[in-house]
Amino acid sequence: MSKKIEVDFGLCESNAVCMGIIPEVFQVDEQDYLHVLQEDVTPENEAQVNEAVRQCPRQAISIVDK
Ligand code: SF4
């Protein structure tokens, strides 16, 4: 089953830790709003997405089944 990224925007504090790990997926804009540019978890991005999940200080990122 394929997986996708979910962010709890109520928890996210837009500190861009995730963007520092994988900017192709996570982008914090000038208004401090986080965008998920690519919600699919792929073999190419999986390791870095998992790292972002681990390092998010708010535990706002989840990986869920699509
Ligand atoms: S690391 Fe977590 S708290 Fe920080 S911008 Fe990403 S999702 Fe939000």
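All values below were derived from every heavy atom in this structure, side-chain atoms included, with hydrogens, water molecules and symmetry-related copies excluded. Read the numbers this way: they start at 1 and go in the same order the structure lists the ligands and their atoms.
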Heavy-atom nearest neighbour in the protein, as seen from [atom], with distance rounded to 0.1 Å:
atom: atom 6 (Fe) of ligand 1; answer: C18 SG, 2.3 Å
atom: atom 4 (Fe) of ligand 1; answer: N15 OD1, 2.1 Å
atom: atom 3 (S) of ligand 1; answer: E13 N, 3.4 Å
atom: atom 2 (Fe) of ligand 1; answer: C56 SG, 2.2 Å

Practice prompt. Please answer whether the main-chain N or O of L11 pairs with a side-chain N or O of R58 as donor and acceptor at a distance below 3.5 Å.
Written response: yes

Item to complete: Number the atoms of ligand 1 from 1 as they appear, then name those within less than 4.0 Å of a heavy atom of S14, with their elements.
Response: 5 (S), 8 (Fe)

[X] contact mode with ligand 1 (heavy-atom cut-off under 4.0 Å):
X: L34; value: side chain
X: I61; value: side chain
X: A16; value: backbone

Once you round to the nearest 0.5 Å, how far does [atom1] of [X] lie from [atom2] of [Y]?
X: K3; Y: I63; atom1: NZ; atom2: CD1; value: 7.5 Å
X: I5; Y: Q38; atom1: CD1; atom2: CD; value: 7.0 Å
X: E51; Y: N45; atom1: CD; atom2: CG; value: 13.0 Å

Worksheet item: Are there more than 12 heavy atoms of other residues, nucleotides or ligands under 6.0 Å from atom CD of E13?
Response: yes

Worksheet, complete the sentence: In terms of heavy-atom contacts, L34 and S14 come closest through N-OG, 4.2 Å

Practice prompt. Please confirm if an N, O or S atom belonging to C12, backbone or side chain, lies less than 2.8 Å from atom 2 (Fe) of ligand 1.
Written response: no

Worksheet item: So do K66 and D40 actually touch side chain to side chain, heavy atoms under 4.5 Å?
Response: yes

